Amino acid sequence: MSTLPRFLALNTKRSYNVVVQRADLASEIALDTTTDKFPRVLATSKLIAFMEIAAARLLQSCLDEKQLSVGTRVDVAHSAPTPVGGKVTATAEFVGTNGKIFQFEVVARDEAGEIGRGTHERAIVDVERLEGVATKRSIVFK
């Protein structure tokens with residue numbers, strides 16, 4: 001059994017820094033380029049992923065070797081575009097718990113200012129159990 005800390009102090013923050021790449025653009029998520037038209041700016045889904053990474057890294061000190069954290073809820077407003085090459089910093093701040101759910105305020109900025117803000121929730125789960133449930137659910141797809 002691990003001796004990792006199981007406590008996370010309120011208002012603890014963690015940031016994730018990234019330079020926007022072509023693969024991060026909304027235009028790159030189009031499945032059919034003749035009908036799906038999206039701009040060549042940071043995709044909202046990627047912005048949310050950056051925020052999730054910041055929150056997940058913040059929770060790492062609460063995990064033992066058989067656990068990981070998973071996102072359970074996201075409510076984010078994407079308020080400004082960022083082009084390829086833009087430097088984004090996504091920051092998660094731990095603001096409390098609701099039962100077993102860890103709650104975060106998240107904000108992202110590029111060099112020009114704020115580009116997104118919202119809330120995010122994560123749960124700590126046993127990897128083996130989670131993957132076992134997914135395997136049982138996969139029977140439906142066969």
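Below, each value reflects all heavy atoms present in this structure, side chains not excepted, and no hydrogens, waters or symmetry copies. Bear in mind that the values here come from a model prediction, so they are computed numbers and not experimental data.
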What residues, two or more places apart in sequence or in another chain, satisfy side-chain contact (heavy atoms from CB on, under 4.5 Å) together with V19? Q21, K87
Do the side chains of I115 and V84 join up, straight or via other hydrophobic residues, at under 4.5 Å, putting them in one cluster? yes
Exercise: identify the closest heavy-atom pair between A26 and P39: CB-O, 3.4 Å
Measure the spacing between CD of E105 and CG of N11 and express it to the nearest 0.5 Å. 8.5 Å
Sequence neighbours excluded - salt bridge (Lys or Arg N to Asp or Glu O under 4.0 Å) pairs with any residue from residues 35-48: D24-K46
Between CD on residue E114 and CZ on residue R109, distance to nearest 0.5 Å: 5.5 Å
Name all pairs fulfilling the ring pair (Phe, Tyr, Trp, His ring centres under 6.0 Å) condition that reach into residues 48-81, sequence neighbours left out, sorted by first residue then second. Y16-F50
Connected via hydrophobic side-chain network under 4.5 Å: V106 and V18: yes
Would you say that M51 contacts H120 through its side chain, given a criterion of any heavy-atom pair below 4.5 Å between the two side chains? no
Check whether any side-chain heavy atom of F38 lies under 4.5 Å from a side-chain heavy atom of L25, and answer yes or no. no
If you link I, L, V, M, F, W and Y whenever their side-chain heavy atoms are under 4.5 Å apart, who else ends up in the same group as V125? L68, V70, V127, L130
Which heavy-atom pair separates S138 from T135 by the least distance, and what is that distance? OG-O, 2.5 Å
Sequence neighbours excluded, the answer for side-chain contact (heavy atoms from CB on, under 4.5 Å) partners of S15 is T89, T91
Tell me, do L10 and F94 make a side-chain contact under 4.5 Å, heavy atoms counted? yes
Validation row: L58, Q60 side chains within 4.5 angstrom (heavy atoms): no
Do T12 side-chain atoms and L8 backbone N/O form a donor-acceptor pair below 3.5 Å? no
According to side-chain contact (heavy atoms from CB on, under 4.5 Å), who are the partners of A56, at least two apart in sequence or on a separate chain? S69, R122
Hey, quick one: are L59 and I48 part of the same hydrophobic cluster, counting side-chain heavy atoms closer than 4.5 Å, chains of contacts allowed? yes
Okay, side chain of N98, backbone of I101: is any donor-acceptor separation there less than 3.5 Å? no
Straight-line distance of L47 CG to R117 CZ, nearest 0.5 Å: 12.0 Å
If we only count heavy atoms from C-beta on, is the N17 to V88 side-chain gap below 4.5 Å? no
Measuring only between side-chain heavy atoms, which start at C-beta, is F104 closer than 4.5 Å to V95? no
For the student: nearest non-hydrogen atoms of G116 and S79, plus distance: N-OG, 3.7 Å
Indicate yes or no: at least one non-hydrogen side-chain atom of I124 is less than 4.5 angstrom from one of C62. yes
Does the side chain of Q103 reach to within under 4.5 Å of the side chain of T119, using non-hydrogen atoms? no
If you measure from the Lys or Arg side-chain nitrogens to the Asp or Glu carboxylate oxygens, is any gap between K66 and E128 under 4.0 Å? no
